Amino acid sequence: MSTTDHAIEYVTATIGGQLFGLPISGVQDVFMPERLTRVPLAAPEFAGMLNLRGRIVTAVDMRLRLGLAPAEAGKARMAIGIESKGESYGLLIDAVGEVIRLPVAGLENNPVNLDARLARVSAGVYRLDGNLLVVLDVDRVLDIGAHAEAA
Amino acid sequence: MDELLRDFLTETNESIDVVDVELVRFEQEPNNAQILSRIFRLVHTIKGTCGFLNLPRLEALTHAAETLIGNFRDGAPVTGESVSLILATIDRIKILLDELERNQAEQAGDDRDLIDELAQAAAQVSGAAPAASPKLEGQKAAPKRAIPAEAPPAAAVTSATNDSKPVRAKADGAPRSSEEAAESRVAQQSIRVHVDTLEQLMTMVSELVLTRNQLLEIVRRHEDSEFKAPLQRLSNVTAELQEGVMKTRMQPIGNAWQKLPRIVRDLSNELGKPIELEMHGAETELDRQVLDLIKDPLTHMVRNSADHGIEEPGRRQAAGKPEKGTIRLSAWHEGGHIIIEIADDGRGLDAQRIKATAVTRGLATEGEIEKMPDAQAFKFIFSPGFSTASQVTNVSGRGVGLDVVRSNIDEIGGTIDVKSVPGRGTSFTIKIPLTLAIVSALIVEAAGDRFAIPQLAVVELVRVRANSEHRIERIKDAAVLRLRNKLLPLVTLKSMLKLAEAQDETKSAFIVVMQVGNQTFGVVVDAVFHTEEIVVKPMCSRLRNIALFGGNTILGDGAVIMIVDPNGLANAIGSSAAAQQAAENAREIEQRTEAASMESLLVFRAGSPQPKAVHLSLVTRLEEIDAKTIEGTDGRLMVQYRGQLMPLVLVNEDVRVKEKGVQPLLVFADEGRAMGLIVDEIVDIVEERLRIELASQRPGVLGSAIVKGQATEVVDIAHYLPLAFEDWMAWAGGRMERAPVRVLLIDDAPFFRNMLAPVLKAAGYAVTSAASAKEALALFEDGERFDILVTDLDMPGMDGFDLTEAVRKNPRTAAMPVIGLSSLASPEAIERGRKVGLHDYVAKFDRQGLIAALKEQTADIDCAA
C-alpha cells in the first residue's frame, strides 16, 4: 500500500480548544504529571519540575505559553514528554487525542490569518474536515522569552 | 588494530605531549639539566620503540632529534631556533603517528628536510661546543632568541672537554637510572581502564546513592527498626565507594592546559608580541569528560586573547604597560562548581564597536543599545557570526569561535561570562558544575517548598527564640543577627525567591548561617529538616540563568527540589542596598562592641608593691570592714557579714591583716555563700584588653599581664574559693542538683592549659587537662568519663580533628560534645570540623566564647539527661 515515507504519525492534543500535533518521533511519552515543584523566579510558562522515573523533567504550561488563560485549578492535566538537547520536558496540555497519520504533502504553511501566538510556535498546519491542526515546532515552543531575573 | 600498535600509539602520543611541554619549559630554563635529561630520555625511548616495531621513518626522525638534544645535554648552547626546529620535528612526528593510526602502517615518504636541518644544527652546535669562547660569542650574537645566561657556564664546561664529559656522563647516569627506576615503579602502580567502564561505574554508584537515600528516608520514619544499623553500614560503604569512584574520574585541569604554553609561544613568535602565560590552580580537579569538552574552548579563548586582546609591544609601552603581555589562566573550586578564568591585560573590549555591530546584525535596536550598559553589551560577542575584528587573521577573527564556545559550555551545564575594562584587559569566567557531584546538603523549607543548601557553605544553624542568646535586631530597617559577639546581615529565603513576604519575625526564627568567600550572612528559613547526600543535576538550560539556583536534585522521597547556589545568594545580598547598609551598620557596631569587649579588672595590692588584678565580673562586692570585727578561730579568719559568718582568706602569706582601722576586702558570693579575700589596698577599676602573657605555675595566680602599662599579676579566684569552703566547687555544681560538668581540656601548649583550666574551673566546671590527643584517648581507655571535650585543633601528631573522629568512632564517647579551639577559622577548617563531628568552634583567645559554648553544650546535656 502507501509507503510510510509519505506520511508521518502525529500525537494530537488539545490546548484551549485548538488542536495541535507533534511528530511521534519526537514524543518520548505521555503521562500524568504528579508532584510538580515550582521554580521560583522562573518565567510563569515554566510550570515546574517533576520526577519521571528518576529523570528530572521541566514542565511547560502550554496554555500560558500560548498566551491563554491558565487552566482551572484542580483540573487534572496531561503532559507530553519531549526531549531537546539532551534535556527532558513535559508540555502540559488540556487533553491528549489520538495518534493520526498525515501525508507529508498535506503540510501547509501557516495561513496568513493564523493567530500570531500560534504562528510563533507553529511548523505548519493541516486542514482536517473543517478543523485546523497546528503542528508544533518544539524548538520554538521551548524558546520561552524574557526570564524573570533573580534579585 | 594490532594490540601492540595500539599501545604504542597511546604511549607515544602521551610521551610526545610531554616532550612538547617540556621543550617549552626548557626554553625558559635552559640551565635545567633535569628537564633536558627528561626530554632526551623520552625521545630516546620513542626512537627505540620505533626501531623495535619496524617504523623506519619515525625512527630516523626521532634519531635526528635525539642527536641534537644529546648535544644540548653535552653542554652545547641552546638557541630559540634550535628549539623551534625540535618542536617542528615533534609536530611532524605527531602527523606521522596520526597517519599510522589511520592506516595501521607508516606513510611512505621522506623527512629529509627536517632530518637535514636537524643534522646541520647538531653539527653546528657540536662544532661550537669545544671551541674557544670567541666563536661561542659569535654564535650567540646571530640567533634572535639566544639565551645569554647560557654563555658563561657552557664555555666553562666545554673548555675542559675531556674532564667534563665523563663527569657529566656519570652525573647524568646516576640520577637517570634512579629516576627511571622510580618512574617504572610508578607506572607499575597504575593500570589503564576504558573510559566507558568508569562511566558505567559512576552511573551505578549514583543509582546506589539515590536508592540508599530512599531507604534512609523510609527507615527515618520508623523509630526503631532493625534496619537502622545495617543501613548505617551500607550508607558508610556507599559514601566511601562514591568517593573512590569519583576520584577515578577526576583529573587536574592542568591536563587541558598542557598544550597551551606551546601555543602561546608559537603565537607570540608569529604575532611578534611577547606574551607570558601564567597558570594558577592547574591541580584543580574536574571530571574527565568535562575536561575533554573544555579543552578546545579554552584554547580558542587563549588564542583570542593573544590575537585581539594583547596589543603590539609598541602600543603597550606607549600606554605605560609592560612590554610583555600577560594571559592568566586560573582555576579553582567554589561551591560544587569549578571556576576557570582566562584573563589578559590587553586593550579590553571596544564597547562602542560591539554595540554598533550588534545593531548592524539586528541583534538589538538603536534604542535598546543606547540604554544598554557596556557590561551587558559585551555579551553580544557570544552571538553566532559576531566578530568586530577588522581583519580576519589566520589565528582568529573568523567569528565562529565564541558562540561555539558558549554552546559547548552550555552543553555541560556551565555558564560563561565576560568582563572588560577598556585599556586594562578582558577576562572570561567559565563556571561548570562538577558533574555527577554528590554533595551533602541541608534541606530547609521556605514558603511551603523545600530547598537544598550545600553543606559546604553552611557554618551553623541558629534558632532564635524569645530569650535566647542570639537575637535578631533591626538596624536602620535592615535585619541583622547578633551571633555571639558578631552581627550578621540577614535575608529571608522566601522573600529572596519572591515566594512570600518576609514576616517581621524578630521573635522566633530558624537561621542558616552561611559563609561564601569572606561574606558571612544569615538566611532565615521557615524550617530546617535534615542533611542529605544529593546528586546535583544541572538546571535545565533554559533556567540556568537564575542566579540563586545551582542545580536541582531528587530527594530520597522522590521529590524534585531546587539547590540554592550560595554564590548567587551572596551576590544578591552583596548587591542589595538594604543588605549592604545592614552589613555596614553591623561593622560599625562590631567595632564599638569590640571596644566594649575590653575587660573590667579590679586592681589591688596584696603582700607586695606589684599590683594584682582580678576580673571585676567575678567580684561580688568591695568592702571595707572594721578590722576589729575580724575574728579568728583555728587559724581561720572570719567576720560577721550580713548575718552570716563569712570566711576570710589571705591572698598570700605576705598579706598582713590589719589589726585596726579599715580592712579592704574583695567579697565573692554565690547563692548565699560568701567569702572575703583580704588585700592590702584596692587600687583601681580599669578597662583593659586582657592578655595574660606569662602563665604562672604558682597556685592562685593565672599569670602576668600588662594593665595600664604596669606588669600585673592576675589572680586565680578558683584557687581561693575552695580555701574558704572546701566543697565550694561541688556545692556550686550541686546547686543544679547534678555533679559538676566534667570537662577534658586538651592542648599541647602548657601555657594554654594553665590559662584555660582555671578559667573553666572558676566557671564551675570540673576540669581535667591532657597534653595530647594520645593522652586523652588513654584516659578514655582507662574508663575515665567526661561530659564535654574541649580540644585544641592544631596539635602536632594527632590533631583535634583526628581526635574528634576517634571520639565519634568509639561508641562510648560518640555522643560527647566536642568543642574545638583554634586560631584559624577558615571555611575549610570549619567544614572539616563539621565533617568529623565537631560541635562548636571557638577562637583560642576567646574565653567568653568558650564559656558560652560550654554553656550551650551543657544545656543540651541537661535536656538529654
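Treat the numbers as computed from the prediction; the structure is a model and nothing was measured. These numbers come from the heavy atoms of this one structure, side chains and all, not from hydrogens, waters or symmetry mates. Residue numbering restarts at 1 for every chain, and letters A, B, ... go by the order of the sequence lines.
- Heavy-atom neighbours of A:Glu83 CD from other residues, nucleotides or ligands within 6.0 Å: above the threshold of 12.
- Side-chain atoms of A:Asn51 come within 3.5 Å of backbone N or O of B:Gly558 as a donor-acceptor pair.
- Summarising the geometry, atom CG belonging to B:Leu499 is positioned 7.5 Å from atom CG belonging to A:Leu41; distances are rounded to the nearest 0.5 Å.
- With a 4.5 Å cut-off on non-hydrogen atoms, B:Ser541 touches chain A through its backbone and its side chain both.
- B:Arg542 pairs with exactly one of A:Thr58, A:Ile144, A:Leu142 by the side chain to side chain contact (heavy atoms under 4.5 Å, CB included) rule, that one being A:Leu142.
- Residues B:Leu543 and A:Met49 form a side-chain contact, since some pair of their non-hydrogen atoms from C-beta on lies under 4.5 Å apart.
- Counting all heavy atoms, side chain and backbone alike, B:Ala447 lies closest to A:Arg38 at O-NH2, 3.0 Å.
- Within the 4.5 angstrom heavy-atom criterion, only side-chain atoms of A:Ser84, from C-beta onward, approach chain B.
- Within the model, atoms CZ of B:Arg450 and OG1 of A:Thr37 stand 8.0 Å from one another, a figure rounded to the nearest 0.5 Å.
- Put simply, CZ on A:Arg55 and NZ on B:Lys537 are 10.5 Å apart, with the number rounded to the nearest 0.5 Å.
- Residue A:Asn109 qualifies as open at atom CG: its count of foreign heavy atoms under 6.0 Å is 12 or below.
- Residues A:Ile56 and B:Met539 fail the side-chain proximity criterion, which asks for heavy atoms closer than 4.5 Å.
- Residue A:Phe46 holds its CZ atom at 5.5 Å from SG of B:Cys540, rounded to the nearest 0.5 Å.
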